[in-house]
Amino acid sequence: MLGHNRKMSGAECLADMLKGYGVTHVFHVPAVLRKTFAVMEGRTDIKRLHVHGEKAAAYMADGYARASGKPGICAAQVIGALNLAAGLRDAWLAHSPVIALTGGREPKTKFRKVYQEIDDVPAFEPVTKFNATVDDVARFPDMVRQAFRVATSGTPGPVHLQFRGNEGQVDAEEAEMEPLCEPQFAQVPPFRPAPDDASVMAALTRLQHAQRPVIVAGGGVRTSGASAELVALAEAMQIPVATSLNGKDAIPGSHPLSVGVVGTYSRESANRVVNAADVVCFVGTETGGMTTHFWAVPKIGTPAIQIDIDPEAIGRNYPLLAGVNGDAKVTLARMLAAADRASAGKRKAWIEEVESIRKQWADKYRAALTSDAVPVRPERICAELSRHVPDDGIVVVDTGHAGMWMGGMYDLTSPRQSYMRSAGHLGWAFPAGLGAKCACPERPVITFTGDAGLWYHIAEIETAARWRINAVTVVNNNSSGNQSKRGFDRVYGGTQTEQAREMWTFSKVNFARIAEDMGAVGIRVEKAVDIAPAIAQALKGDRPAIIDVVTDIDALAPLAVS
Ligand SMILES: Cc1ncc(C[n+]2csc(CCOP(=O)(O)OP(=O)(O)O)c2C)c(N)n1
């Protein structure tokens, strides 16, 4: 069709296309696309990682995608397809470009109770932007191109391609094809749509008039690579910046205009500043429940401006003074170019108030952040990480208590650092951290997880050791899922029975020892002073490392203020 067709197998075509799009790793559980994996060996350098579960494969692909901006690839045969779909949910919630490949139904055996088969396609529908079947080998080129195009464009997100045959055996068939790739869609963002000037000026005028404005920056800023423009605009106009959890690396926490993560898993100073603002400017955030503390921070009705690449997001939860549809980097650069810098003068009192709110937060938590208590306080782990994550480090954080601790207590200290967090799934961070390290082997990767989070995919320590994926994982090991303590206290009328603890506590386990047995470095930490040397040792190693910190089961993260 394109004039360069040649007879080739689907396997050769898919292998060549994945290589052409710059894919370096595929995370899978056999057996799927076996022929493709076989021909990959001779035709590409792509690493084929056999992992211990399809959900972990999806999380690794997700971590790979979020760390690099390139689609992460995971694969499963028909019986593992729904495990893979379950793992796409976090990528869907976080707008991460993951491409899931599965085997699927063969027309010859459909409806005959063939072994292991159900119709998997509907299960992918709620967690994908594009959910399609590849029934004819001649469709490999256009369907793979469409997968990359959809995963990376607009607001990015997961894609599912189901290949005919329970193991996707359609890949062994041949057709006249051209494995043409479109490098534009090999990473986010493929396009930078520019906003119209009138909407930029409307937003800027409103912001310039504000006495007490705040910017809330979301994951769209990291997808767009717009941090430098964001910080420059905030500095030029003297506007404090709060972030969503997904946008935490939009501005280093050490920046004087940074007030922290706003919302539910948040920092008190951020919620206080956002609630005291006279105009809130949302950039690349879907203004969801977690970022707004269920629309209490800021309160609905607070004058707002919203900038987003997705027009349907603009004004969804907050009535707006001005809406701007465009790429974050381009839009913020235009705002900066047109900004009246003199307008910053009128915000002197506001900036002083913000500084004082920042200081009050630091004073309130200084004791916990520097605590030498045994068992160790989680706040101290966060403070040690703020000090010791290298300048170019990637920090990967689980949800639940891990999300609360690190969202609120950890600070990035350099614009070169990255931060990625679970969008809700306990257990996401450990495999996602391994995926991030595969994508960026030259950058230090440090994952923070609770012990309940690590248990989910603990088997992947073996994968990490086998493939020398030298990520560092810090475990907040309180032998429990103690975020649940408050909830059970509540339903027991204030005081739980002793037996109630069976619902949220575990046996005491030494994860450092388990890690060593599985071929990783294991470091057990029982005193806070030993955290820093453990991080240094783990980062130096030529093996993956688990730092198992024994922490206080009674330590509960502060709740959001509104
Ligand atoms: C898939 C999934 N199931 C359940 C939950 C609910 N949940 C959130 S935090 C948590 C316990 C967290 O335990 P751990 O990781 O050990 O951290 P800790 O609370 O002990 O600090 C649970 C069960 C979830 N977020 N995701």
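The analysis underlying the following values was restricted to heavy atoms, covering all of them including side chains, and did not include hydrogens, waters or symmetry mates. Counting starts at 1 for both ligands and their atoms, in listed order.
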- Message: For atom 25 (N) of ligand 1, which of the options G481, A452, G450, G424 provides the nearest non-hydrogen atom?
- Response: G424
- Message: Show me which atoms of ligand 1 lie under 4.0 Å from any heavy atom of H401.
- Response: 17 (O), 18 (P), 19 (O), 21 (O)
- Item | For G453, the ligand 1 atoms whose distance to one of its heavy atoms is below 4.0 Å | 15 (O)
- Which class fits the ring pair Y318 and F282: parallel under 30°, tilted 30 to 60°, perpendicular over 60°? tilted
- Query: Counting distance only, does the side-chain N/O of Q306 pair as donor-acceptor with the main-chain N or O of G315 below 3.5 Å?
  - Reply: yes
- Nearest option to atom 5 (C) of ligand 1, as decided by whichever heavy atom of L426, T551, T399 sits closest: L426
- Query: To the nearest 0.1 Å, how far is atom 1 (C) of ligand 1 from its closest protein heavy atom, and which atom is that?
  - Reply: Y456 OH, 3.5 Å
- Task: Among all protein heavy atoms, pick the one closest to atom 19 (O) of ligand 1 and tell me residue, atom and distance.
- Result: Q483 N, 2.8 Å
- Item | Criterion side chain to side chain donor-acceptor pair (under 3.5 Å) on Y64 and T24, from CA distance to verdict | CA-CA 10 Å; Y64 177 102; T24 56; 2.6 Å; yes
- Query: Should F506 be listed as contacting ligand 1, given a heavy-atom distance under 4.0 Å as the test?
  - Reply: no
- For atom 18 (P) of ligand 1, find the nearest protein heavy atom and state the residue, atom name and distance (0.1 Å precision). N482 OD1, 3.3 Å
- Item | Which residue and heavy atom of the protein sit nearest atom 20 (O) of ligand 1, plus the separation | S480 O, 2.7 Å
- ligand 1 atoms nearer than 4.0 angstrom to some heavy atom of N476 are 21 (O)
- Message: Would you say the rings of Y456 and H425 are close, in the sense that their centroids are separated by under 6.0 Å?
- Response: no
- Task: Verify whether one side chain among N478 and S480 offers a donor that lies under 3.5 Å from an acceptor in the other.
- Result: yes
- Message: Heavy-atom distances under 4.0 Å decide this one: backbone, side chain, both or neither, for N478 against ligand 1?
- Response: side chain
- What class does the angle between the rings of F511 and W455 fall in, given that below 30° is parallel, 30 to 60° is tilted and above 60° is perpendicular? perpendicular
- Message: Any atom of ligand 1 sitting under 4.0 Å from a heavy atom of A402?
- Response: no
- Item | Polar atom proximity, S484 to ligand 1 (N or O, under 3.5 Å) | no
- Message: Taking 4.0 Å as the limit for heavy-atom contacts, which would you say applies to T449 with ligand 1: side chain only, backbone only, both, or neither?
- Response: neither
- Please confirm whether G400 comes within less than 3.5 Å of ligand 1 when only nitrogen or oxygen atoms on both sides are compared. no
Mind listing the side-chain donor-acceptor pairs of residues 392-406 below 3.5 Å, one per line with the distance, residues two or more places apart or on another chain?
residue : atom : partner : partner atom : Å
D398    : OD1  : G427    : N            : 3.3
D398    : OD1  : W428    : N            : 3.0
D398    : OD1  : A429    : N            : 2.8
D398    : OD2  : G427    : N            : 2.8
H401    : ND1  : N482    : OD1          : 2.8
H401    : ND1  : Q483    : N            : 3.4
H401    : NE2  : A557    : N            : 3.0

- Are any of the N or O atoms of D451 closer than 3.5 Å to those of ligand 1? yes
- Note on the structure: So OG1 of T473 and CD1 of I546: to nearest 0.5 Å the spacing works out to 4.0 Å
- Message: Please determine whether salt bridge (Lys or Arg N to Asp or Glu O under 4.0 Å) holds for the pair D372 and R380, giving the CA-CA distance in whole Å, both sets of side-chain angles, and the decisive distance to 0.1 Å.
- Response: CA-CA 8 Å; D372 284 323; R380 176 71 188 266; 2.8 Å; yes
- Indicate whether any N or O donor in one side chain lies under 3.5 Å from an N or O acceptor in the other, for E460 and T463. yes
